[in-house]
Amino acid sequence: MPDFDVIVVGGGPAGAACARSCVQASLRTLLVERGTLPRFKPCSGLVALEAERFVTRNFGPIPDSCRSSSGDYTGIALHFPSVPSLFLPGLCQAANVWRHTFDQFLVEHTGAEVRDGTLFEAVEEVPEGVAVRLRARASRGSRVTARYLVACDGGYSRVVRTIAPTVHDDTAWALVYQRYYRGRIELDAGPYHSLLTRDMGIYTWVTFKDDLIIVGCGCMRGDKIGGYHGRLVDYLRGRFGFEPKESVRDEGCLGNALGPTNRFFLGKGRVLVAGEAAGFLHLGGEGISGALETGWLAGQAVAGSIAAGDDALGRYQMSTRGERERVLDQWSFTRLFRSFSHPMALASAFGRYPWRHYPALVRDTYRFLDQQARGSGVGAAMVRNSWQRLLTRRRYEVGRVEADQAGS
Ligand SMILES: Cc1cc2nc3c(=O)[nH]c(=O)nc-3n(C[C@H](O)[C@H](O)[C@H](O)COP(=O)(O)OP(=O)(O)OC[C@H]3O[C@@H](n4cnc5c(N)ncnc54)[C@H](O)[C@@H]3O)c2cc1C
């Protein structure tokens with residue numbers, strides 16, 4: 001008899017949702033988190049409406065203590081360099097939370113045994129399932145067994161790098177960085193501000209939490225993020241009268257481009273992978289909804305396979321198909337301009353501008369997207385997937401690594 005039915009690695013949204021669904025199915029569930037709760041996570045804390053609905057249904061309403069006192073996100077504001085800024089109310093409308101307390105709230109409501117300050121180190125298959133080596137701070141490693149392990153340990157997943165070291169051979173990585181300031185800026189605290197300006201990184205944002213202004217950007221791994229961020233701060237000074245008085249916090253991390261390039265990694269043998277570790281990340285960097293959804297599906301796959309005595313990974317591959325298509329649609333150029341519910345909402349943004357702004361708008365957008373696409377291979381993969389979806393009018397060939405996973 002293994003020590004647990006399932007071990008979940010990672011105390012983010014995917015791990016919490018997975019643990020919650022396992023506990024609901026009466027599985028003996030252990031959740032391990034390397035940080036000490038509440039642990040910080042680089043994020044804008046935008047909890048999309050569907051994610052909030054999921055949380056309310058399965059964990060209860062988001063407590064006020066997790067929410068930013070600056071208020072919820074009221075929409076998205078797009079700032080192109082050559083045309084006036086545009087506020088799109090309703091789009092990107094979302095709760096604005098602090099991730100450390102939000103994630104702690106989720107984890108504490110899973111009902112699972114939780115061990116924080118505990119690092120996943122290694123996993124091997126054994127007759128009863130998996131044997132996992134864990135290390136709590138300042139202690140020697142321990143060996144814990146379970147029928148299944150679910151990896152929810154984020155974009156730079158140690159579990160994935162352990163069980164499938166070659167998966168990331170061709171992965172493009174984004175480095176994202178944000179800094180929290182006290183100061184002033186001539187921007188409304190309600191919207192999520194997206195700056196579609198070249199040379200300040202592949203993705204650029206300004207958000208607000210409590211009395212803090214958060215300025216962030218991303219670039220491809222290997223580029224120097226400091227230069228982009230410095231240019232962004234200068235740009236904000238010039239265009240929006242940004243006056244930073246004090247910098248109170250820095251954070252950054254790596255994000256994989258598995259999903260945008262249609263290379264989801266869902267697991268191997270008795271290890272399932274959910275959330276950003278598997279590649280579930282939407283355009284604009286929205287990852288909480290996909291993490292909750294796939295963490296939940298992974299838990300259900302494990303519970304179903306234990307009950308039926310069949311293959312959890314096969315179940316999970318089937319059940320995540322819709323979510324994978326949703327991610328690909330988000331990163332599709334051809335659907336980007338059609339979908340009015342898209343977070344970037346370029347189509348509806350274009351529709352709101354007077355005709356005389358169109359040449360500048362098209363030029364700005366092209367210059368921004370062109371910069372995003374170069375160098376990393378991400379743009380080429382997105383174009384390929386986009387045209388396939390548009391021209392063949394059939395579903396994506398999602399998860400072409402599935403065969404390798406099942407066979408390995
Ligand atoms: C700057 C930035 C802004 C973002 N803004 C938003 C936003 O506003 N809205 C949104 O929806 N998404 C946003 N995202 C994306 C979102 O943060 C992620 O997609 C989401 O958190 C993924 O959830 P997850 O549970 O898969 O992984 P994570 O939330 O990353 O959780 C993984 C957990 O695993 C733990 N862990 C890692 N390794 C180990 C190990 N070896 N042993 C034990 N534990 C381990 C980590 O400590 C972490 O707690 C943002 C991302 C970034 C970088």
Side-chain angles (χ1 to χ4, degrees), residues 7-19 30-52 54-55 68 73 76 92 94-100 102-104 106-107 114-123 132-137 149-162 174-180 192 194 201 203-205 207 209 214-218 225 250-256 259 273-296 298 327 343:
I7 297 173
V8 180
V9 180
C18 180
L30 172 66
L31 183 152
V32 296
E33 163 56 48
R34 73 175 166 193
T36 304
L37 296 173
R39 63 91 183 88
F40 277 91
K41 157 80 179 82
C43 190
S44 300
L46 179 154
V47 181
L49 283 178
E50 61 184 299
E52 183 168 3
F54 181 101
V55 169
S68 164
Y73 287 103
I76 186 166
C92 243
N96 183 358
V97 304
W98 284 98
R99 278 295 298 273
H100 61 302
F102 174 71
D103 288 14
Q104 183 181 29
L106 296 180
V107 167
V114 176
R115 294 186 197 165
D116 64 347
T118 302
L119 185 73
F120 160 89
E121 286 195 329
V123 58
V132 182
R133 197 170 74 233
L134 302 174
R135 185 180 298 277
R137 201 161 294 130
L149 180 129
V150 184
C152 301
D153 51 340
Y156 197 57
S157 164
R158 180 162 179 167
V159 178
V160 171
R161 286 180 288 128
T162 305
L175 176 62
V176 282
Y177 169 78
Q178 60 182 10
R179 182 173 272 192
Y180 295 62
Y192 178 95
S194 182
Y203 186 54
T204 310
W205 63 91
T207 59
K209 237 171 262 297
I214 304 157
V215 176
C217 64
I225 192 85
D250 284 282
E251 53 191 22
C253 64
L254 284 174
N256 68 60
V273 183
E276 210 179 312
F280 291 96
L281 187 69
H282 296 146
L283 192 71
E286 194 279 316
I288 295 174
S289 63
L292 289 167
E293 177 71 20
T294 57
W296 187 268
V327 168

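Atoms within a ligand are numbered from 1 in the order they appear, just like the ligands themselves.
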*Using atom types as modelled and distance alone, determine if a side-chain donor or acceptor of N96 lies under 3.5 Å from a backbone N or O of S68.*
no
_To check your reading of the model: name the closest protein heavy atom to atom 6 (C) of ligand 1, its residue, and the distance in Å._
C43 SG, 3.2 Å
*Would you mind checking which non-hydrogen protein atom is closest to atom 48 (C) of ligand 1, with the distance to 0.1 Å?*
E33 OE1, 3.4 Å
*Output the list of atoms in ligand 1 that are nearer than 4.0 Å to some heavy atom of L119, sorted by atom number.*
40 (C), 41 (N), 42 (N)
*With a 4.0 Å cut-off on heavy atoms, is P13 touching ligand 1?*
yes
_Proximity of C253 to ligand 1 by residue part, where a heavy atom lies under 4.0 Å_ = side chain
_Can you give me the closest heavy-atom contact between N256 and A277, atom names plus distance?_
ND2-O, 4.1 Å
*Could you find the nearest protein heavy atom to atom 18 (C) of ligand 1 and give me its residue, atom name and distance?*
E276 OE1, 2.8 Å
*Please write down residue, atom name and distance for the protein heavy atom closest to atom 50 (C) of ligand 1.*
G285 O, 3.6 Å
*Mind checking whether L281 contacts ligand 1 via backbone (N, CA, C, O), side chain (CB onward), both or neither, at a 4.0 Å heavy-atom cut-off?*
side chain
*Which part of L46 is near ligand 1, with near meaning a heavy atom under 4.0 Å away: side chain, backbone, both or neither?*
both
_Using a 4.0 Å heavy-atom cut-off, which part of E121 comes near ligand 1: side chain, backbone, both, or neither?_
neither
*Please identify each residue that fulfils side-chain hydrogen bond (donor to acceptor under 3.5 Å, both in side chains) with S44, with sequence neighbours left out.*
none
*What part of Y203, side chain, backbone, both or neither, has a heavy atom within less than 4.0 angstrom of ligand 1?*
neither
*Non-neighbouring partners of E251 that pass salt bridge (charged side-chain N to carboxylate O under 4.0 Å, His left out), sequence neighbours left out*: R249
*Starting from atom 45 (C) of ligand 1, find the nearest protein heavy-atom neighbour and note its residue, name and distance.*
R34 CG, 3.7 Å
*What do we get for V159 next to ligand 1 when only non-hydrogen atoms under 4.0 Å count, side chain, backbone, both or neither?*
neither
*asked:* Considering non-hydrogen atoms of the protein only, which is the closest contact for atom 32 (C) of ligand 1, and what is the distance?
replied: C152 O, 3.3 Å
*asked:* For atom 17 (O) of ligand 1, what is the closest protein heavy atom, and at what distance to 0.1 Å?
replied: R99 NH1, 3.0 Å
*Check if T118 has a non-hydrogen atom at a distance under 4.0 Å from any atom of ligand 1.*
yes
_Test of understanding: given a 4.0 Å heavy-atom threshold, classify the contact between E251 and ligand 1 as side chain, backbone, both, or neither._
neither
*Distance to 0.1 Å, residue and atom name: give those for the protein heavy atom nearest to atom 28 (P) of ligand 1.*
K41 CE, 3.9 Å
*Is any N or O atom of V176, backbone or side chain, closer than 3.5 Å to an N or O atom of ligand 1?*
no
